[in-house]
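See structure below.
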Protein chains: 4
Amino acid sequence: MSKLLPGRVRWRQAGIVESPAGRAARMGCVSSQRREQIVEAAVRVVAREGSHGLSFAKVVQEAGLSSTRLISYHFGTREALLAQTFEHVLARAAAFMGPQIAAQTTVRAKIGTYIRSNLEFIATDPVYARAAIDLAGAVGAATGGGGLALLEDGFRRGQEAGELRAFDVHTAAVALRGAIDATVLDIVNAGADTGRAAAELAELVDRAIRA
Amino acid sequence: MSKLLPGRVRWRQAGIVESPAGRAARMGCVSSQRREQIVEAAVRVVAREGSHGLSFAKVVQEAGLSSTRLISYHFGTREALLAQTFEHVLARAAAFMGPQIAAQTTVRAKIGTYIRSNLEFIATDPVYARAAIDLAGAVGAATGGGGLALLEDGFRRGQEAGELRAFDVHTAAVALRGAIDATVLDIVNAGADTGRAAAELAELVDRAIRA
Amino acid sequence: MSKLLPGRVRWRQAGIVESPAGRAARMGCVSSQRREQIVEAAVRVVAREGSHGLSFAKVVQEAGLSSTRLISYHFGTREALLAQTFEHVLARAAAFMGPQIAAQTTVRAKIGTYIRSNLEFIATDPVYARAAIDLAGAVGAATGGGGLALLEDGFRRGQEAGELRAFDVHTAAVALRGAIDATVLDIVNAGADTGRAAAELAELVDRAIRA
Amino acid sequence: MSKLLPGRVRWRQAGIVESPAGRAARMGCVSSQRREQIVEAAVRVVAREGSHGLSFAKVVQEAGLSSTRLISYHFGTREALLAQTFEHVLARAAAFMGPQIAAQTTVRAKIGTYIRSNLEFIATDPVYARAAIDLAGAVGAATGGGGLALLEDGFRRGQEAGELRAFDVHTAAVALRGAIDATVLDIVNAGADTGRAAAELAELVDRAIRA
DNA sequence: TATGAATGAGTGTTCATTCAT
DNA sequence: GATGAATGAACACTCATTCAT
């Protein structure tokens with residue numbers, strides 16, 4: 001494995017050389033206007049070409065930077081840039097969806113709102129939505145996809161409250177995320193009607209899980 | 001515009017030079033032991049590294065070929081290799097799932113079997129399953145993802161027969177495929193229990209769509 | 001269409017990524033010792049093997065560089081390198097011929113000096129002369145071959161001054177350039193006597209156009 | 001020099017392996033409908049992309065052949081194909097121009113007709129005209145450009161007959177060919193008026209050389 | 001904090017040619 | 001006379017990264 005990596009990479013991986021990325025990561029924020037400018041350009045590139053298609057050169061162009069050196073300076077590796085980009089879009093999605101979900105009182109209503117607000121997020125910000133799904137697959141998989149835990153907790157609370165029937169919360173959470181992501185892509189790619197899809201999907205899910 | 005392109009690229013793009021790939025494609029099969037050897041190596045590479053990670057060099061190594069020239073000779077472009085690999089994998093999945101689904105008489109049973117056999121396919125051939133999902137995203141998206149039409153037709157027949165309630169078949173089909181793919185990846189990556197997941201997912205779906 | 005192109009090709013074509021080439025081009029010079037080193041090696045390669053025969057690898061060898069990456073870093077594409085090489089060569093020829101022509105007062109004398117200094121340029125710098133002719137065909141054709149306009153203007157002024165008879169200046173300019181280039185190649189390839197050829201050609205041309 | 005060539009080439013160059021090409025060349029004809037089909041396709045390719053741009057693959061496509069093997073079978077090397085193609089177009093041009101020139105009695109008229117018929121050949125067969133010029137540069141240079149000898153002989157006879165003044169026939173022949181070729185390209189590329197150009201060029205040349 | 005220059009490994013694809021029927 | 005398969009070298013070009021200021 002490590003045989004395949006250029007030696008320079010390993011140094012950074014081993015944390016021998018600390019970059020600003022390391023510092024910022026420890027501080028849990030993106031900080032600095034430069035970093036933000038780069039991350040937002042990365043979001044657009046990922047939305048357009050997928051996370052596999054992201055390259056330093058493309059980000060340089062998208063952000064109007066002078067050299068790729070700026071990126072490696074601020075983020076270290078490509079992987080790190082992708083990770084921070086993922087956090088960035090996740091934060092944006094959470095800021096959009098979170099309050100709406102929190103405003104609901106019953107678990108069934110929260111789930112429905114989770115679905116609806118997720119799909120509405122596309123209309124609000126299709127670029128971020130697209131990037132979010134792609135990054136969830138590429139980065140989220142590597143980091144463990146923590147988003148599922150929240151969903152599983154919600155299901156569990158709904159079952160304890162008697163709102164939802166008994167079912168395996170992990171399987172349901174995985175399936176729901178997959179269903180939503182596929183629907184988002186369908187809307188983004190094929191231009192389906194967001195409101196209709198949201199209502200239909202929410203109904204499908206509610207019937208699947210309600211007591 | 002076209003002036004700037006190296007001439008070599010252009011004519012293969014335009015399909016000017018017919019490669020063995022062209023012939024085989026017209027005949028609708030992979031044919032030739034060499035081609036099959038290459039496609040099967042490609043399946044393994046895609047399963048391991050994703051379709052974006054597939055390179056001619058990796059296929060050469062995986063298949064034990066002498067040079068990448070063999071691949072471009074037989075398939076022309078990387079895209080064509082990926083497309084044929086997708087077909088190959090799809091055919092295998094269809095051969096596994098098709099008869100089981102056909103053996104069912106009711107639509108609800110067919111849907112349940114579609115889900116179960118799809119997940120069981122992982123246990124039978126995890127490499128092909130992984131490749132199938134990845135290729136469906138990368139190649140299937142480009143070609144229009146014809147698999148959905150079958151699902152939508154099934155739903156429609158179920159509705160006409162009174163087995164299924166009224167719902168938007170397209171939304172449901174998209175959601176179901178997304179749910180299954182996510183579940184497959186979860187099983188493959190996290191090692192969840194296939195039987196349990198299949199039963200749970202089938203139950204979720206049945207409740208969502210039955211009349 | 002554009003789907004089939006490897007993404008990397010596209011953005012350089014679109015000029016998305018600005019390379020040092022872009023900067024230098026805007027500044028209207030070659031600048032930087034590295035760039036000059038590369039261009040001069042390119043001149044020698046073109047003189048030896050023709051512009052079609054120029055490859056990054058040959059330039060690397062000729063210039064003693066460490067990798068072809070240096071060329072694409074500084075010039076972007078092969079086409080751009082060729083274009084800059086053409087400019088370089090043209091500038092050298094103009095520096096040699098320009099003052100001599102400017103020193104003449106009559107148009108007939110200017111034309112004669114144009115021919116003679118052009119052929120003498122070969123003796124001074126056969127490598128540059130060879131490269132100039134080849135690049136004029138390959139690159140100049142694409143860019144419109146502006147050199148002709150100067151010749152046509154000269155003819156026109158001569159006609160207005162009564163030095164030259166009435167004739168179609170475009171046809172004459174094209175023919176003269178073709179005649180000179182063919183003569184240069186003949187000298188370079190067959191080793192004809194430059195002085196003799198210059199005198200003979202000048203006489204032919206003068207008789208053809210004088211009033 | 002020979003170091004750079006793949007070993008296989010050298011065998012053929014050394015004449016160790018004789019191909020049908022060798023046989024046909026000895027017999028001084030193209031023969032065989034297959035060979036003709038290939039040569040004519042090669043003419044079209046050269047006209048379109050230049051002789052440097054000719055490749056076996058492109059000829060295969062242009063001629064609708066099944067494999068490049070057919071070309072190497074019939075012609076041996078790429079160089080040989082180019083040479084035979086050059087002969088082919090030269091023969092066509094000669095068949096068009098020869099009789100017209102022969103019909104003239106004075107040398108001055110022959111020269112004028114040489115120029116006019118050469119330019120008219122473009123209108124008759126622009127593809128062959130384009131290919132002829134390109135091949136004359138690429139192949140003709142290598143083989144010594146025998147066409148010039150005829151022109152020089154004509155000039156000499158004109159001088160002996162007192163029709164033409166004393167001038168160096170070689171320089172004049174080279175210049176005339178260069179002038180004509182440049183004019184042909186100008187017509188083909190820029191769409192100049194053939195009749196006008198022919199008349200103008202003939203007048204220029206006549207004034208340059210007449211006694 | 002910033003950046004111009006450099007780099008070695010890698011990409012897919014085309015090249016003319018030969019091997020073996 | 002014909003041809004499908006194979007091949008190693010070459011092609012322009014991009015990759016993420018490091019060096020040196």
Side-chain angles (χ1 to χ4, degrees), chain A residues 4-9 11-12 17 20 32 34 54-58 65-79 81, chain B residues 5-13 17 19-20 23 32 34-35 54-58 65-79 81, chain C residues 5-9 11-13 17 19-20 23 32 34-35 54-58 65-79 81, chain D residues 4-9 11-12 17 19-20 32 34 54-58 65-79 81:
Chain A
L4 301 171
L5 289 172
R8 311 150 179 183
V9 176
W11 289 8
R12 182 77 79 178
V17 180
S32 134
R34 237 317 132 71
L54 177 140
S55 77
F56 281 17
K58 287 174 190 166
L65 305 173
S66 63
S67 134
T68 61
R69 187 62 183 80
L70 269 157
I71 304 176
S72 52
Y73 176 70
H74 282 291
F75 296 89
T77 66
R78 195 189 101 113
E79 242 190 4
L81 169 61
Chain B
L5 284 175
R8 315 151 177 180
V9 176
R10 268 174 294 160
W11 22 288
R12 181 73 80 177
Q13 279 181 356
V17 176
S19 63
R23 202 165 3 97
S32 139
R34 237 316 133 72
R35 292 175 60 81
L54 178 139
S55 77
F56 281 16
K58 286 174 189 166
L65 305 173
S66 62
S67 103
T68 62
R69 186 64 184 82
L70 268 158
I71 303 177
S72 52
Y73 174 68
H74 281 289
F75 295 89
T77 65
R78 194 189 102 112
E79 244 190 3
L81 170 60
Chain C
L5 286 174
R8 314 150 179 183
V9 176
W11 22 289
R12 181 72 80 177
Q13 279 180 356
V17 176
S19 62
R23 201 163 6 97
S32 138
R34 239 311 134 73
R35 293 176 59 81
L54 178 139
S55 78
F56 282 16
K58 286 173 190 165
L65 306 173
S66 62
S67 104
T68 62
R69 186 63 183 83
L70 268 158
I71 303 176
S72 52
Y73 174 69
H74 282 288
F75 294 89
T77 66
R78 193 190 102 113
E79 244 191 3
L81 170 60
Chain D
L4 301 170
L5 289 172
R8 312 151 179 182
V9 176
W11 289 10
R12 183 75 80 179
V17 181
S19 66
S32 136
R34 235 321 130 72
L54 177 138
S55 77
F56 282 16
K58 287 173 190 167
L65 306 173
S66 63
S67 132
T68 61
R69 188 62 183 82
L70 269 157
I71 304 176
S72 52
Y73 176 71
H74 281 291
F75 295 89
T77 66
R78 194 189 100 111
E79 241 188 6
L81 169 61

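Excluded from the calculations below are hydrogen atoms, water molecules and symmetry mates; all remaining heavy atoms, backbone and side chain alike, are included. Model, not experiment: these values are computed from the prediction. Letters A, B, ... are given to chains in the order of the sequence lines, protein chains preceding strands, and every chain is numbered from 1.
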Check: dC13(F) base within 3.5 Å donor-acceptor of T68(C) side chain: yes

Pairwise distance OG1(T68(B)) to NZ(K58(B)) - rounded to 0.5 angstrom: 14.0 Å

5' precedence on DNA chain E between F56(D) and L54(B) (nearest-nucleotide basis): L54(B)

Length of the CD1-C1' vector between I71(C) and dT7(E), whole Å: 13 Å

R35(C) CZ - dG4(E) P separation (whole Å): 14 Å

Close side-chain approach of S66(A) to L70(A), heavy-atom, < 4.5 Å: yes

DNA chain F: 5'-proximal contact among R78(A) and K58(C) (nearest heavy atom): K58(C)

Sugar-phosphate only, base, or nothing, as touched by L81(B) at under 4.0 Å among non-hydrogen atoms: nothing

Spacing of R34(B) atom CZ relative to dA5(F) atom P, expressed in whole Å: 11 Å

Short side-chain N/O contact from S55(B) to OP1 or OP2 of dT11(E), under 4.0 Å: yes

Y73(B) side chain near dA5(F) phosphate (N/O to OP1/OP2, under 4.0 Å): yes

Value in whole Å for how far the P atom of dG4(F) lies from CG of L70(B): 17 Å

Residue-phosphate contact under 4.0 Å: H74(B) side-chain N/O, dG4(F) OP1/OP2: no

Nearest atoms (heavy-atom pairs only) where F56(D) meets T77(D): CZ-C, 4.0 Å

Watson-Crick or G-U counterpart of dT21(F), or none if no pair lies under 3.5 Å: dA2(E)

Sugar-phosphate, base or nothing in reach of L65(D), heavy atoms under 4.0 Å: nothing

dA12(F) pairs with, by Watson-Crick or G-U criteria that keep both distances under 3.5 Å: dT11(E)

Sugar-phosphate, base or nothing in reach of S66(B), heavy atoms under 4.0 Å: sugar-phosphate

Candidates dA5(F), dT14(F), dT17(E) - which lies nearest the side chain of R69(D): dA5(F)

P atoms of dA20(F) and dT1(E), separation to the nearest Å: 22 Å

